[in-house]
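The block underneath contains the structure these notes are about, expressed in structure tokens.
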Amino acid sequence: MIDASVFLLAAALALGSGVAMVLVRNAVHAALFLVASQLALAVLFLIQGAFFIAALQIIVYAGAIMVLFVFVVMLLGVDKRESLIEPLRFQREIGVGLGVLLIVAALYLGVGTSFAVADLPDSAGPRSTEGNVEAVARELFTHWALPFEITSVLLIVAVVGTMVLAKRRLRS
Amino acid sequence: MSVPAEWYLLVSALLFITGTVGVLIRRNVIVMFMCIELMLNAVNLTFVTFDRMMGGLAGQIAVFFVLVVAAAEVVVGLAIIVSIFRRRASTDADQVSLLKW
């Protein structure tokens with residue numbers, strides 16, 4: 001019962017913030033709505049038992065990535081007016097129509113099918129005495145150790161590439 | 001009694017659609033980028049839900065890697081946006097049409 005109400009609250013918050021993010025004009029407001037949506041998603045991860053992912057969602061997404069977004073919005077100046085000249089005619093209408101079509105398809109699939117799972121566990125991960133964080137860490141550092149190391153290379157490449165891209169060209 | 005997994009999948013699908021529509025109808029490059037983040041988040045929810053249904057941990061590991069790649073992608077993407085803004089003084093997606101014929 002509590003589970004269902006928490007789910008409904010978090011899902012409504014996530015969806016409402018997502019829609020508001022798309023509709024709102026100001027880019028800073030859009031970023032704040034995205035943070036709200038991500039926090040609600042973290043709650044959804046939490047009630048599914050994925051504690052490690054929920055913490056990562058808050059720290060990495062709502063913390064680091066969104067700070068970066070807000071920082072860039074501030075750096076570039078908030079541009080409230082979007083141009084109303086449409087190079088593609090009826091682009092917005094077609095986009096919204098496509099979205100409605102997708103929603104109908106999702107509802108059809110979601111209502112029409114049910115996944116045959118015998119007994120759904122209350123939380124993710126194998127049933128054992130160790131917690132979710134320990135289980136994820138064991139899996140990550142044993143079975144997925146090589147991809148984990150490769151991600152560090154990816155991060156270094158991203159950092160160096162960003163510095164090259166954002167560096168002001170010195171006049172020679 | 002827990003919430004059925006289909007509900008989570010439905011929420012995730014609706015979030016993904018919201019992000020898709022946002023990318024289609026918005027012009028501001030930064031907001032389009034935020035919509036892409038929303039789509040990534042929706043897929044993460046799907047991963048965690050299927051992970052709970054399968055009773056393994058592979059889905060959560062996948063979410064971890066999605067997070068890392070998303071972080072790298074955001075950093076590089078925002079740097080590209082900043083350098084485009086320096087050149088054109090605009091964050092409008094329609095202004096960046098140099099590669100279009």
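Just so it is clear: chains get the letters A, B, ... in the order the sequence lines come, proteins before strands, and each one is counted from 1. Hydrogens, waters and symmetry mates play no part in the numbers below; they use all other heavy atoms, side chains included.
Looking at L10(B), the atoms closer than 4.5 Å to chain A (heavy atoms on both sides) all sit in the side chain, from C-beta outward. Of the two parts of V60(A), only the side chain, counted from C-beta on, holds a non-hydrogen atom closer than 4.5 Å to a non-hydrogen atom of chain B. Contact annotation for S12(B): neither backbone nor side-chain heavy atoms come within less than 4.5 Å of a heavy atom of chain A. Heavy atoms of F64(B) lying under 4.5 Å from chain A belong to its backbone as well as its side chain. Only the side chain of L41(A) comes within less than 4.5 Å of a heavy atom of chain B; its backbone N, CA, C and O stay farther away. In this structure, chain B has a heavy atom under 4.5 Å from the side chain of L34(A), while its backbone stays farther away. With a 4.5 Å cut-off on non-hydrogen atoms, F52(A) touches chain B through its side chain but not through its backbone. In this structure, chain A has no heavy atom under 4.5 Å from any part of V23(B). Both the backbone and the side chain of I30(B) come within contact range of chain A, judged by heavy atoms closer than 4.5 Å. Neither the backbone nor the side chain of A64(A) comes within contact range of chain B, judged by heavy atoms closer than 4.5 Å. A72(B) touches chain A through backbone and side chain together, each having a heavy atom under 4.5 Å away. With a 4.5 angstrom heavy-atom cutoff, L23(A) touches chain B only via backbone atoms.
Contact detail for G95(A) and L24(B): the closest heavy-atom pair is CA-CD1, 4.0 Å. R52(B) and Q48(A) get closest at one heavy-atom pair: NE-NE2, 3.1 Å. Closest non-hydrogen pair, L15(B) versus S37(A), comes out as CD2-OG, 4.2 Å. Closest of all the heavy-atom pairs between A27(A) and M34(B) is O-CE, 3.6 Å. For V75(B) against A158(A), the heavy-atom pair with the smallest separation is CG1-O, 4.2 Å.
Using cut-offs of 30° and 60° for the angle between ring planes, the F7(A) and Y8(B) rings count as perpendicular.
With L78(B) as reference, V72(A) is the one residue of V73(A), L76(A), I65(A), V72(A) to meet the side chain to side chain contact (heavy atoms under 4.5 Å, CB included) rule.
Contact count against chain A (heavy-atom pairs under 4.5 Å) is highest for T49(B) among V63(B), V82(B), T49(B).
Put simply, the side chain of L45(B) reaches to within 4.5 Å of the side chain of L44(A), judged on heavy atoms.
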